[in-house]
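Being a predicted model, the structure only gives us computed values, none of them experimental. Protein chains get the first letters and strands the later ones, always in sequence-line order, with residue 1 at the start of each. For the numbers below, each heavy atom of this structure counts, side chains included, while hydrogens, waters and symmetry mates do not.
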Amino acid sequence: MTLGASDIVRLDGVEKRFGAVRALDSVDLTVQRGECLSLVGHNGAGKSTLMHILAGTVAADRGRVVIGGDEQKAYSPARAKHLGIRCVFQELSLCPNLTVAENTRVFHPVLTGLNWRRKAGALITSKLDEIFPGHGVGASDLIQDLPIARRQMVEVARAFTATDEPVRLVILDEPTSSLDSHTAGQLLAFMRRAVANGISCIFISHLLGEVLQNSDRIVVMRDGRTIAADRAEAFDRNRLVTTMGGTEAPTTEANAGDRLARGKTPLHVRARPRQQGGSTDLVAHEGEIIGLAGLAGHGQTDLLLAIFAAATSPRPDVAVNATVALVAGDRQADGIFPLWSIAENIGICSLRKLRQGVLISRRREDTLANFWRDRIKIRTPDIHNNILSLSGGNQQKALFARALGSEARIVLMDDPMRGVDVGTKLEVYDLIREEARGGRTFIWYTTETDELKKCDHVYVFRNGAIVADLARGELTEEKVIQSSFIGTDPR
Amino acid sequence: MTAKSSVAARPAFMPFGKTDSPRLLRALLPALSLALVLLAIAWLNQRAISYFGFTLMLNLAIPIALATVAQMFIITGNDLDLSIGAFVGFVGCVTATWLRDTPILGILTLLGCVGVYAALGALIHWRNLPSIVVTLGMNFVWQGLAVLLLPKPGGRAPDWLLASMSVKPPLVPFPVLAALIIAAVTYFGLMRTSYGAILRGSGGNATAIGRAGWSLLKAKIVLYACAGLFGVLSGLSLIGITTSGDANIGNGYTLLSIAGVILGGGEFVGGRVSPIGAVIGALTLALAASPLLTFMHLPPDWQVAANGAILIVVLAARALISRREVEQ
């Protein structure tokens, strides 16, 4: 790759770790002036982290960030903005309680004086007119009153407005995911016009058609590395999918042979996602490990929660005939009780079993907690210590102990291994397999393809519906990626 | 995904009237509730609707409105001030003693009070403390200081203050005029200035404001300093009306001010506040508090409960309106 004055951004050997997880592993990336670079990759490939580093919201652990030819030492969002780098993040960065014009003013400190409202309104309206003709957004509309597609339009338009600071590079992180095909087309056409005028764009999208048609260059990321970078013409759908998924031969678990034949055991769950059109149901039998795959946020968690709710109050679309426990994915928000001890955290799902009269028996609670501490090796000297004294992985083990220690026959897992170190993962995998052999059913949403290989059966989700139904023998990473990206590609 | 796909299915143009009517209704609700209370008063006692009647009925509304505006600044930043009542009481004691006897000391103390509020804002932001805890602590500090300064009710308001609170402008009763000025000044400051947008934005989406390069610390300090300033004004006007001080004089103001902000269309989180609404809310509460209930011959024992009932009715109406908005 030639280095020259036309490089807007150059990243050299950028690394970033979050605890035990290596999000970025020595990434090199250049973006040239007037170029549209697309970034593709599966869940957790490191795209978002990389963009946060470019935007200044996350600092790299190692490596150089060079912008406009100058190495950035104290890089921050303000510095990035000053250098002309704008971001349209997936999580909207607008203030919902302010109007469209006021949000524009937040972005442009120079908009002051008595008629700042008019200036800000004119600025954003003209940009909206330019990108999305017929947008129907007024400068004095409150963001909270706008539907999500229009908020996204405002956000995109705002990133392209310029006052005292130039616009050099705009990062668009899945900008089209909340737009309909008409407005998405308007945005992509504008992006091409902006690139023709010398602005650079980094475009992230899961819609491969969009990526192939609208970018000059495509970079493929996988496991925190850039593994392919080439002109867009050099790629096609198949090459993208194979590159993203890697090419290694599908591995089957060693103990595949002793797994049960499907359907020989009683049915535990039959569920149909809300968005499902056809007749595909999710089916789980006793003793099975069922995997839910697909891109994050495509309805897997919703289905898990529906199954969980159906266990207590019957629903027409979900049939559950056993007790259910849920292992939360976001343990800080949904999982642990931060003020309680490890023993109390484990015992909360088994209170009926631990009761003595109207009180909780401390002795039984301790017995339960000690049993599980030894069984899944929660590393603590004393189970009466506060739950927060454990490392993240061990906190997650305590949550597993809570679910497995209860009487529930079905365990729902909402991507519980996020941010857990490899050693803990392997221990938990063994435990899951052992418990499944004992007749427990697991329904496991995971964003890691390796974990899918531990499942007996995998359902791939896209846009809230099941698009593929793969038995263990048919499962390959390529198939999963193929269906999660292309499944029912609307464009 | 459900929301996204339903949005995508929507036509590109939406009739504006549909989205606007609940928003308009929401904005008008505080005014409607005030009108309702006024109508009830007029129906019960026609003579109250006069220049003299309003001056009497709304006299105590001025300090309540000022305290409500102070609370509104705090709520703008997603915080809550549980000390505003005690603070108003303390300011009242300073006004009735030092401000009359040693004006320089009095003025310095009051300026210092605003400074303390600004420092509290800085502390809350810097240490990421819950504002409720900090202000609850400050509640006792202000109350203690007030008792130290004025152990038993007494003192006297400075003459200039007494004179300014008993001005009789032509045609418009003084409290109405004062309310209009308070509403106009705060509306302009918070809703129309370019920095006001940043202040409200810090309550709506602090991350976005920080990412755009603004100092959240400064925003919080400004909000708290404004609250301190209006708290001082509230204490001054209260003593100007009652003429003498009492350490416990402002005790009811904490809850009245919160209720006023919410009644006026504000929300506890999200930076959604309305200065005009807050002043109207304060007036509604002040009227509903005693004149209306007196005219209804309700015994004073029941007045607090009646006040609460009015609040529940208005809030329920608001919840209904916003639910309709969500459904659309």
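- Chosen from B:Ala208, B:Gly213, B:Ser202, B:Gly201, the residue pairing most often with chain A at heavy-atom distances under 4.5 Å is B:Gly201.
- By the 4.5 Å heavy-atom criterion applied to side chains, B:Ser194 and A:Leu111 are not counted as neighbours.
- With a 4.5 Å cut-off on side-chain heavy atoms, B:Thr207 and A:Ser93 do not count as touching.
- The main-chain N or O of A:Pro109 is never found under 3.5 Å from a side-chain atom of B:Trp214 such that the two would form a donor-acceptor pair.
- Note that the OG atom of A:Ser76 and the CZ atom of B:Arg211 stand 12.5 Å from one another [nearest 0.5 Å].
- For a residue to count as touching a neighbouring chain, one of its non-hydrogen atoms must lie under 4.5 Å from one of that chain's; by this rule A:Thr112 touches chain B with backbone and side chain alike.
- Note that OG1 of B:Thr193 and CG of A:Leu114 are 10.5 Å apart. Values are rounded to the nearest 0.5 Å.
- Put simply, CE on B:Met191 and CZ on A:Arg117 are 7.5 Å apart, with the number rounded to the nearest 0.5 Å.
- Taking CD1 of B:Ile198 as the reference point, atom CZ of A:Arg105 lies at 4.5 Å (rounded to 0.5 Å).
- Chain B forms the most heavy-atom pairs under 4.5 Å with one residue out of A:Lys81, A:Glu102, A:Arg79, and that residue is A:Glu102.
- Residues A:Phe107 and B:Ala212 come closest through the heavy atom pair CA-CB, 4.4 Å.
- Contact check for B:Asn205 versus A:Leu94: no side-chain heavy atoms found under the 4.5 Å cut-off.
- The number of heavy-atom neighbours closer than 6.0 Å to CZ of A:Arg118, taken from other residues, nucleotides and ligands shown, is 12 or below.
- A:Asn97 places a side-chain N or O within 3.5 Å of a backbone atom of B:Arg200 that can act as its donor or acceptor partner.
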